[in-house]
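For reference, the structure discussed in these notes is given below.
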2 protein chains.
Amino acid sequence: MLSKKSQYAFKALTYLAAKYNQGPVLISEIAKKKKIPLKFLENILLELKKADILDSKKGKGGGYFLAKSPDKVKMATVIRLINGPIAMLPCVSLYFYERCKNCDEKHCGLHDIMLEVRDATLNIVENRTLKDLIV
Amino acid sequence: MLSKKSQYAFKALTYLAAKYNQGPVLISEIAKKKKIPLKFLENILLELKKADILDSKKGKGGGYFLAKSPDKVKMATVIRLINGPIAMLPCVSLYFYERCKNCDEKHCGLHDIMLEVRDATLNIVENRTLKDLIV
DNA sequence: AAAATAGCCTACCAAGACGATAGACTACTT
DNA sequence: AAGTAGTCTATCGTCTTGGTAGGCTATTTT
């Protein structure tokens, strides 16, 4: 399951994607429109900024905005950043890989099936961007 | 990610599937062979028994065994029981559905994509059984 | 009937994740 | 200088996770 934090992140990003190239948007505006706790949203946006997905401007007329066009931000990137691994097992994860103890990956049925699941999932979230979230 | 509990459950079930129709197996034997904490495994097996996946026999010569043939136990069933929802959002879950607040499911891009992910995942785990885990 | 075996049940606990909040600080604009 | 708005650090209650302890109950063997 995606954490609430991830859901908030997607809501905020979708909001900013819809306003792409229209200047900075206040955290408070996003919080109000998307009904996200203000201070919690601050953390999330900061994290997205540090990952170069968002950029910001301080002072009057400031706010947050997308650092690149919506179709350049993959869903997989956001999920990995805010939610963590996409795979169901560490031993089939591309970005959070960990060797499986007590189980030979070469001869593990669970490993093989979870690899299939991972690929099916990645096939979707690696090929969808923020642009696809705007309806 | 699957919890450790889920991974233990699959290891134990795989072990029992390989010994299907060969009589009861001791918890302690499974724990030792699969390197699972004994008392933790007790809980897991009991839960699987209550879900009619396993059955048990008490006293000497007792132990646990599969309640039905390995090809009748779907991976999806085990995951839902031990790990919880398979979908990434409550609003696209079949067995753990919850209405999405602040988001119209009819016009939500995230909803649509997560529905795709769910279906891709289910397509795999609903069609694989314990039999497929034995290698 | 007694003893031994092995699963069943209830309770508990430490550590960490999750969701959220508070307050002070820094940078930019007017 | 004043005001605005993002940045940083810290904290906090609750829930989940992973694991442990100990006694109870049912079954079998002696």
- Message: Expressed as a whole number of angstroms, how long is the span from A/E47:CD to C/dA17:C1'?
- Response: 14 Å

- Considering only heavy side-chain atoms of A/K57, the closest of C/dT29, C/dC9, C/dA20 is C/dT29

- Task: Starting at atom CD1 of B/I44, determine the distance to atom C1' of D/dT17, rounded to an integer number of angstrom.
- Result: 11 Å

- Tell me: CD of B/E29 to C1' of C/dT5, nearest whole Å? 16 Å

- Honestly curious: do A/I124 and A/M1 fall in one hydrophobic cluster under the side-chain, below-4.5 Å linking rule? no

- Note on the structure: In whole angstroms, the gap separating P of C/dC18 from CG of A/N43 amounts to 14 Å

- Message: How many whole angstroms separate atom CE of A/M1 from atom P of C/dA17?
- Response: 20 Å

- Query: Quick one: does B/S6's side chain have a donor or acceptor within less than 3.5 Å of a partner on B/L2's backbone?
  - Reply: no

- Task: Please check the phosphate of D/dT30 (OP1 and OP2 only) for any side-chain N or O of B/K60 closer than 4.0 Å.
- Result: no

- Message: Does A/K39 reach a base, just sugar-phosphate, or nothing at all? Heavy atoms under 4.0 Å.
- Response: base

- Message: Does D/dC8 have its OP1 or OP2 closer than 4.0 Å to a side-chain nitrogen or oxygen of A/K50?
- Response: yes

- Message: Quick check against the 3.5 Å criterion: does A/D132 have a side-chain atom that pairs as donor or acceptor with the backbone of A/R128?
- Response: no

- Can you figure out which of C/dG19, C/dC9, C/dG7 approaches the side chain of A/K5 most closely? C/dG19

- Message: Without decimals, in angstroms, what is the distance between B/E42 CD and C/dT10 P?
- Response: 14 Å

- Item | Side-chain H-bond candidate by donor/acceptor type, B/K49 with B/S56, under 3.5 Å | yes

- Has B/Y8 got a side-chain N or O lying under 4.0 Å from the OP1 or OP2 atom of D/dG18? no

- Task: Quickly work out the B/K4 NZ to C/dA15 C1' distance and round it to whole Å.
- Result: 13 Å

- Under 4.0 angstrom, heavy atoms only, what part of the nucleic acid is B/L26 near: base, sugar-phosphate, or nothing? sugar-phosphate

- Query: With nearest nucleotides of DNA chain C determined for B/G63 and A/L38 from heavy-atom distances, which residue corresponds to the more 5′ nucleotide?
  - Reply: B/G63

- Query: Would you say the side-chain atoms of A/S3 and A/N83 include a donor-acceptor pair closer than 3.5 Å?
  - Reply: yes

- The nucleotide from D/dG19, D/dC8, C/dT26 with an atom nearest the side chain of A/K58 is C/dT26

- Base, sugar-phosphate, or nothing for B/I27, non-hydrogen atoms under 4.0 angstrom? sugar-phosphate

- Task: Send over the distance from B/K49 NZ to D/dA26 P, rounded to a whole Å.
- Result: 11 Å

